[in-house]
Protein chains: 2
Amino acid sequence: MVIRTLTPPALPVAPAEPPLKVSFKAHMLAVREDAIVQAVNRLLAEKGFDLMTVDQVAAEVGIAKASLYKHFPSKEDLAAAAMVRVVGRAQAFLAGLPANARPLDQLKAMVRWMMQLQLAGEMPSLPHHNSSLRTTLVNNKAYVDGLMQVSEQLGGWIEQAQQDGSLNSSLPALLVLYTLYARACDPVLEFLKASGLHSDQELVELVVRTCFEGLNARPT
Amino acid sequence: MVIRTLTPPALPVAPAEPPLKVSFKAHMLAVREDAIVQAVNRLLAEKGFDLMTVDQVAAEVGIAKASLYKHFPSKEDLAAAAMVRVVGRAQAFLAGLPANARPLDQLKAMVRWMMQLQLAGEMPSLPHHNSSLRTTLVNNKAYVDGLMQVSEQLGGWIEQAQQDGSLNSSLPALLVLYTLYARACDPVLEFLKASGLHSDQELVELVVRTCFEGLNARPT
DNA sequence: GTCTATAAAGAGATAGAC
DNA sequence: GTCTATCTCTTTATAGAC
């Protein structure tokens with residue numbers, strides 16, 4: 001599809017930990033930064049970018065705000081780091097999927113994973129409109145590369161599923177991809193969760209069904 | 001369904017203009033306030049609540065910021081007024097639909113209308129997380145009542161469509177309703193529009209199809 | 001009701017000591 | 001690298017004249 005410019009990738013996932021010889025100091029720094037990014041991730045999921053303050057991040061990590069700025073140069077870069085982390089988790093999840101499953105099932109598994117992440121309060125939510133944030137993101141190579149790799153993987157499955165007849169082949173592949181991505185921030189999840197009528201698991205299955213089968217009655 | 005506590009309403013739409021005898025001054029005030037709300041509506045669609053500033057609203061209307069606060073007590077109330085306006089337009093649209101159409105087609109028409117509003121840059125977007133804004137909205141009787149009436153109308157059509165076999169009757173009606181509402185802020189529209197591959201009309205039809213028919217291939 | 005001018009508070013970012 | 005204290009700017013909201 002459009003996004004993939006090369007051949008389908010073998011999905012080598014970058015190791016989360018650096019090589020062998022790391023000094024104790026460097027290790028502590030990595031641990032500290034991971035704690036920061038984790039806090040940012042949680043706060044972004046809870047409040048969104050605009051309502052999250054750097055003071056809150058510092059308080060949650062338990063360090064001074066000025067110390068944060070020694071690690072990350074701006075609030076936007078904090079958010080970008082959280083997005084890099086999420087994309088990395090997505091890559092790890094994809095890498096752990098059974099390689100011999102049907103493409104359609106791979107796609108459904110990915111959608112389920114994204115929705116479970118949202119329900120667990122671990123899916124960062126960024127505003128669509130903030131342009132300085134967008135600039136920071138598109139300039140972040142780790143984020144762009146990671147997202148591209150995920151998109152290439154999903155795009156390959158989409159094309160395969162359209163060829164094997166399990167996905168509607170009259171839909172543009174890009175529409176399918178975006179429709180799947182949109183499940184990561186689907187407001188239906190939180191609204192329906194607020195109704196208290198369904199468990200998280202039921203919710204995920206219901207939304208997966210509406211996404212793939214639609215609202216119409218199936219012809220029998 | 002859950003939302004409807006009374007019998008299906010006859011959908012009397014409140015007239016936009018007050019009765020007959022209005023003083024010239026009151027008329028001018030109404031016109032001015034309508035200009036304000038219209039500007040807020042546009043800015044909310046373009047930037048979202050958090051990035052919209054009251055100064056921008058004042059500049060767009062062409063009056064001083066302090067004058068705005070003579071009409072509306074807070075930024076949240078400005079946004080609420082814009083939402084009331086949109087709900088009113090939705091009610092007017094619903095009232096203008098042919099009464100004898102199939103319930104499923106009524107629902108599709110409503111979804112199309114919401115998406116066209118978004119593509120036209122006239123659908124205000126509010127953050128899910130802002131609690132002071134939520135408080136202002138739920139305390140706004142015009143907004144709550146209007147939204148309730150729209151929901152009752154749609155809910156009635158959903159139940160009818162499930163009974164006549166055109167909507168999947170194994171899906172909770174509330175899930176269907178929220179899934180339709182979610183089309184009003186569907187990020188797929190803007191992302192796919194940015195690709196430049198489709199006209200607005202094609203885009204709307206594609207998303208309506210994925211919403212009702214799903215991504216799966218239909219059994220032939 | 002509209003204006004100019006300003007208050008008041010919040011939040012991103014930094015200075016400088018240790 | 002971490003801290004306390006502070007700067008600076010933006011933004012909401014208001015005071016007070018007309």
Side-chain angles (χ1 to χ4, degrees), chain A residues 22-40 43-44 46-82 124 126-127 129-137 139, chain B residues 22-40 43-44 46-82 126-127 129-137:
Chain A
V22 289
S23 72
F24 179 73
K25 258 180 124 168
H27 176 68
M28 290 309 293
L29 182 137
V31 167
R32 166 59 52 88
E33 293 204 341
D34 191 70
I36 293 172
V37 177
Q38 204 169 333
V40 171
L43 284 168
L44 281 181
E46 180 188 336
K47 302 165 172 285
F49 180 79
D50 292 313
L51 269 63
M52 178 190 81
T53 71
V54 179
D55 291 86
Q56 291 166 347
V57 177
E60 178 138 337
V61 180
I63 64 177
K65 178 165 58 169
S67 303
L68 274 187
Y69 281 95
K70 300 287 183 179
H71 293 274
F72 299 93
S74 73
K75 183 186 177 184
E76 280 78 11
D77 286 280
L78 279 174
L126 306 183
H129 304 285
N130 191 323
S131 69
S132 73
L133 182 55
R134 286 182 99 95
T135 302
T136 302
L137 280 176
N139 289 342
Chain B
V22 289
S23 72
F24 179 74
K25 258 180 123 167
H27 177 67
M28 290 308 294
L29 183 138
V31 167
R32 167 59 52 89
E33 293 203 341
D34 192 69
I36 294 172
V37 177
Q38 205 169 331
V40 171
L43 285 168
L44 281 181
E46 180 188 337
K47 301 165 174 285
F49 181 79
D50 292 313
L51 269 62
M52 179 190 80
T53 70
V54 180
D55 290 88
Q56 292 166 345
V57 177
E60 178 139 336
V61 179
I63 63 177
K65 179 166 54 170
S67 303
L68 275 188
Y69 281 95
K70 301 285 184 179
H71 293 274
F72 299 92
S74 73
K75 183 186 178 184
E76 281 78 11
D77 286 281
L78 279 174
L126 306 183
H129 304 285
N130 190 323
S131 69
S132 72
L133 182 55
R134 286 182 99 96
T135 302
T136 301
L137 281 175

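Atom set for the values below is all heavy atoms of this structure, side chains included, hydrogens, waters and symmetry mates excluded. Predicted model only: the values in this text are computed from it and were never measured. Chain identifiers are assigned alphabetically (A, B, ...) following the order of the sequence lines, protein sequences preceding nucleic acid strands; residue numbering begins at 1 within each chain.
OP1 or OP2 of C:dA13 sits under 4.0 Å from a side-chain N or O of A:Tyr69.
Going from atom CG of B:Asp55 over to atom C1' of D:dT12 covers 9 Å, rounded to whole Å. Rounded to an integer number of Å, the gap from A:Phe49 CZ to C:dG12 P is 8 Å. Counting to the nearest Å, the C1' atom of C:dA11 and the CG atom of A:Leu51 are 12 Å from each other. Atoms CG (B:Asp77) and P (D:dT12) sit 14 Å apart, rounded to a whole Å. Put simply, CD on A:Gln56 is 10 Å from C1' on C:dA11, counting in whole angstrom units. If you take CG of B:Leu133 and C1' of D:dT12, they are 15 Å apart, rounded to a whole angstrom. As a whole-Å value, the separation of A:Lys47 NZ from C:dG10 C1' is 14 Å. Atom NZ in A:Lys75 sits about 4 Å away from atom P in C:dG12, given to the nearest Å.
One finds the CD1 atom of A:Ile36 at 8.0 Å from the OG atom of A:Ser67 (value rounded to the nearest 0.5 Å). Note: B:Glu76 CD to B:Leu78 CG = 9.0 Å, rounded to the nearest 0.5 Å. The structure places CD1 of A:Ile63 at 5.5 Å from NE2 of A:His71, a figure rounded to the nearest 0.5 Å. Taking CD of B:Glu33 as the start and CG of B:Leu68 as the end, the distance is 10.0 Å to the nearest 0.5 Å.
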Could you list, one pair per line, each protein nitrogen or oxygen that sits under 3.5 Å from a nitrogen or oxygen of nucleotides 7-9 of chain C, together with the distance?
none

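Here the closest non-hydrogen pair linking A:Ala82 and A:Leu44 is CB-CD1, 3.9 Å.
Contact of the A:Val40 side chain with the A:Met52 side chain is registered, since non-hydrogen atoms from C-beta on lie closer than 4.5 Å. Side-chain contact between B:Thr53 and B:Lys47 is absent, with no heavy-atom pair separated by less than 4.5 Å. Counting only heavy atoms from C-beta outward, the side chains of B:Arg134 and B:Leu126 never approach each other to under 4.5 Å. Side-chain atoms of B:Asp50 and A:Asn130, non-hydrogen and from C-beta on, never get closer than 4.5 Å to each other.
Residue-level contact check: B:Met28 touches neither bases nor backbone, having no heavy atom under 4.0 Å from any strand.
In this structure, the nucleotide among D:dT12, C:dA11, C:dA13 sitting nearest to the side chain of A:Ser74 is C:dA13.
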- Sequence-aligned protein contact record of nucleotides 1-7 of chain D, with B where the base is within under 4.0 Å of a protein heavy atom and S where only the sugar-phosphate is: SBBB---
